[in-house]
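A short write-up of the structure that comes next.
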Amino acid sequence: MNVRISGEFRPGVINAPSSKSFSQRYILYSAFSNIPVTLKNVSFSDDERIALEIARACGADIEFNDSLTIKPDFRCPDEINAGESGTSLRLVTGLLAARRCKTFIHEEASLLKRPLDDLIKTLSEKNVVFNNLGNGIMIDASNSIPSDSIIDGGRSSQFVSSMMMYHSLTSGSLKALNIVSNDYIKITIKTLNDFGISVYNSNGFFEFGKTLMKGNKICIEGDYSSAAFWIVLGLFKGDIEIKNLKSDSCQPDAAIINIINGISERKIDIYNNKIVVHKTGFLGDLYIDVAKNPDLAPPLSIIGIFSDIAVHILNYRRLEIKESNREENIISMARSFGALIEKNDNEMVIRRGKISLPERISFSDHRMIMSSIIAGLISSGDILYENIENISKSYPGFLNDLSNLGYYILK
Ligand SMILES: O=C(O)C1=C[C@@H](OP(=O)(O)O)[C@@H](O)[C@H](O)C1
Ligand SMILES: C=C(OP(=O)(O)O)C(=O)O
């Protein structure tokens with residue numbers, strides 16, 4: 001679906017959607033561990049729905065009234081669908097192996113392009129057999145033999161998280177090497193702890209205790225990578241209050257607060273479970289490391305397009321393996337607004353050029369579509385945005401939240 005967005009900014013309040021990194025972990029781990037869980041504040045993004053359908057395929061009964069309750073009754077599924085969710089695909093691969101299943105995992109085209117090989121390598125050493133069938137992978141772990149593992153996390157921390165869940169359900173220790181996006185491991189550890197699993201972690205060496213848990217009630221905290229879009233808009237347009245954000249969150253992208261406050265004249269105000277962003281000038285260049293916060297690169301790149309500071313994106317090549325080639329797409333978005341791009345081995349630098357206004361922007365990647373909408377609102381251009389239905393992969397309420405800030409959709 002293609003839309004234009006009209007209206008004038010007015011200060012407003014946004015409720016951050018649920019962190020799909022957390023919710024997918026709780027849903028999948030409940031289904032595979034056979035420990036029930038009740039979740040509050042789930043936003044039902046496409047990725048969360050993917051995890052719920054996988055749980056159903058594994059025998060879980062899913063109830064929704066005010067909260068979402070997973071009542072597991074584990075059985076190996078003949079087939080499941082991982083959609084476009086890298087998180088669900090990687091985690092469920094380790095969980096299916098732990099449960100010695102023989103299962104076909106359907107994948108959307110964009111997911112098929114994303115790496116899984118390091119995880120397959122580690123599991124294959126346990127006699128787990130993988131066959132690529134073109135529209136997904138067949139995993140056969142029926143004759144697998146648990147053993148200590150070594151996993152290379154240099155392409156995705158999700159490989160490490162997957163093996164952590166594998167070992168928490170089987171036995172043996174895990175040694176993780178070269179972990180990128182390292183802080184996502186904290187989300188996995190918190191999830192396992194909430195299911196009663198103790199996790200010993202010493203410099204990438206992990207051991208796991210057995211569960212003591214009979215079920216749990218969890219409120220899924222608001223997502224900082226989704227809040228990032230509103231933080232960037234508020235820096236240029238005016239006050240935005242973003243609720244449902246834990247000030248002591250272990251989410252890697254909670255780092256955005258310190259990143260912004262480190263370079264802005266007027267600081268983001270932080271409260272116990274909300275923040276307030278203010279329009280401000282900047283004191284110095286912004287640096288974002290994709291090896292730590294890959295999902296912040298698309299929204300933060302906007303600051304380089306429209307402000308008098310440059311945005312330096314470090315380790316930018318990792319952006320190639322997300323839902324789209326975000327390295328190329330960030331460059332394309334920046335250039336469509338006239339920005340200047342420099343690249344060397346270590347960093348990509350985005351600087352304001354002679355501001356231009358694109359007539360239309362066409363991305364398929366949810367974070368690129370939302371980023372280009374924020375850029376368009378800052379530019380006040382009359383822009384046609386394409387494929388906006390893809391936003392629901394992570395943030396189904398994004399367009400509705402725009403109306404809290406004075407904007408409305410023209411279809
Ligand atoms: O574990 C997770 O929940 C995620 C890890 C990150 O991926 P990488 O570890 O591959 O960087 C991030 O980009 C993704 O949105 C969610
Ligand atoms: C990369 C992302 O998620 P996933 O890896 O789960 O597809 C994302 O949400 O930007």
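Both counts, for ligands and for their atoms, begin at 1 and track the order of listing.
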Under 30°, 30 to 60°, or over 60°: which ring-plane class applies to H312 and Y287, parallel, tilted or perpendicular?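 Because their plane-to-plane angle is under 30°, the rings of H312 and Y287 count as parallel.
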Ligand 1 versus [X], non-hydrogen atoms closer than 4.0 Å: side chain, backbone, both, neither?
| X | value |
| --- | --- |
| S157 | both |
| S156 | both |
| Q24 | neither |

Can a salt bridge be assigned to the pair R351 and E342 using a cut-off of 4.0 Å between side-chain N and carboxylate O?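 Yes, this pair counts.
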Run the numbers for me: atoms of ligand 1, each under 4.0 Å from some heavy atom of [X], listed by number.
| X | answer |
| --- | --- |
| P294 | 11 (O), 13 (O) |
| R25 | 1 (O), 2 (C), 3 (O) |
| R318 | 8 (P), 10 (O), 11 (O) |

If you count the non-hydrogen atoms of other residues, nucleotides and ligands that lie under 6.0 Å from CG in D248, is the total more than 12?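 More than 12 heavy atoms, drawn from other residues, nucleotides or ligands, come within 6.0 Å of this atom.
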If the cut-off is 4.0 Å to any non-hydrogen atom of [X], which atoms of ligand 2 fall inside it?
| X | answer |
| --- | --- |
| R367 | 8 (C), 9 (O), 10 (O) |
| H366 | 8 (C), 9 (O), 10 (O) |
| Q158 | 5 (O), 6 (O) |
| K322 | 1 (C) |
| E323 | 1 (C), 2 (C), 3 (O), 7 (O), 8 (C), 9 (O), 10 (O) |
| K393 | 3 (O), 4 (P), 7 (O) |
| D295 | 8 (C), 10 (O) |

Test of proximity, K20 against ligand 2: N or O pairs below 3.5 Å: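 Yes - when backbone and side-chain N and O of K20 are compared with those of ligand 2, one distance drops under 3.5 Å.
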Geometry only, no angles: is Q24 polar-contacting ligand 2 at N/O separations under 3.5 Å?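 No.
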In terms of side-chain heavy atoms, does [X] have a donor or acceptor partner in [Y] at a distance below 3.5 Å?
| X | Y | value |
| --- | --- | --- |
| Y166 | T122 | no |
| S225 | D295 | no |
| S392 | R49 | no |
| E221 | S19 | no |
| K126 | S147 | yes |
| E63 | T69 | no |
| D253 | N293 | yes |
| Y395 | D401 | yes |

Which residue and heavy atom of the protein sit nearest [atom], plus the separation:
| atom | result |
| --- | --- |
| atom 8 (P) of ligand 1 | K322 NZ, 3.3 Å |
| atom 3 (O) of ligand 1 | S21 OG, 2.7 Å |
| atom 6 (O) of ligand 2 | T87 OG1, 2.6 Å |
| atom 4 (C) of ligand 1 | Q158 NE2, 3.2 Å |
| atom 6 (C) of ligand 1 | Y184 CE1, 3.6 Å |
| atom 4 (P) of ligand 2 | G86 N, 3.6 Å |
| atom 15 (O) of ligand 1 | D295 OD2, 2.6 Å |

Can you tell me if V180 has a non-hydrogen atom under 4.0 Å from ligand 1?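 V180 does not count as a contact of ligand 1 under the 4.0 Å cut-off.
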About how many Å separate CE of M164 and OG1 of T191, when rounded to the nearest 0.5 Å?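 So the OG1 of T191 and the CE of M164 are separated by 9.0 Å.
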Distance, nearest 0.5 Å, that separates CZ of R25 from OG1 of T188: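 The OG1 atom of T188 is 3.5 Å from CZ of R25, to the nearest 0.5 Å.
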Just do the salt bridge (charged side-chain N to carboxylate O under 4.0 Å, His left out) check on R317 and E320 with the steps written out, would you? CA-CA 6 Å; R317 289 197 178 86; E320 290 174 18; 5.1 Å; no
Got an N/O contact under 3.5 Å between S181 and ligand 1?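 Yes, there is a polar N/O contact under 3.5 Å.
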Ligand 1 N/O within reach of R367 N/O, cut-off under 3.5 Å: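 No: no nitrogen or oxygen of R367 is under 3.5 Å from one in ligand 1.
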Which is it for [X] and ligand 2 at heavy atoms under 4.0 Å: side chain, backbone, both or neither?
| X | value |
| --- | --- |
| E84 | backbone |
| R326 | side chain |
| R114 | side chain |

Shortest non-hydrogen contact from S324 toward D365: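 For S324 and D365, the tightest heavy-atom pair comes out as OG-OD2, 2.7 Å.
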In sequence, state the C-alpha distance, the side-chain angles, and the governing distance for D194 and K190, and then conclude on salt bridge (charged side-chain N to carboxylate O under 4.0 Å, His left out). CA-CA 6 Å; D194 285 343; K190 179 171 186 334; 2.7 Å; yes
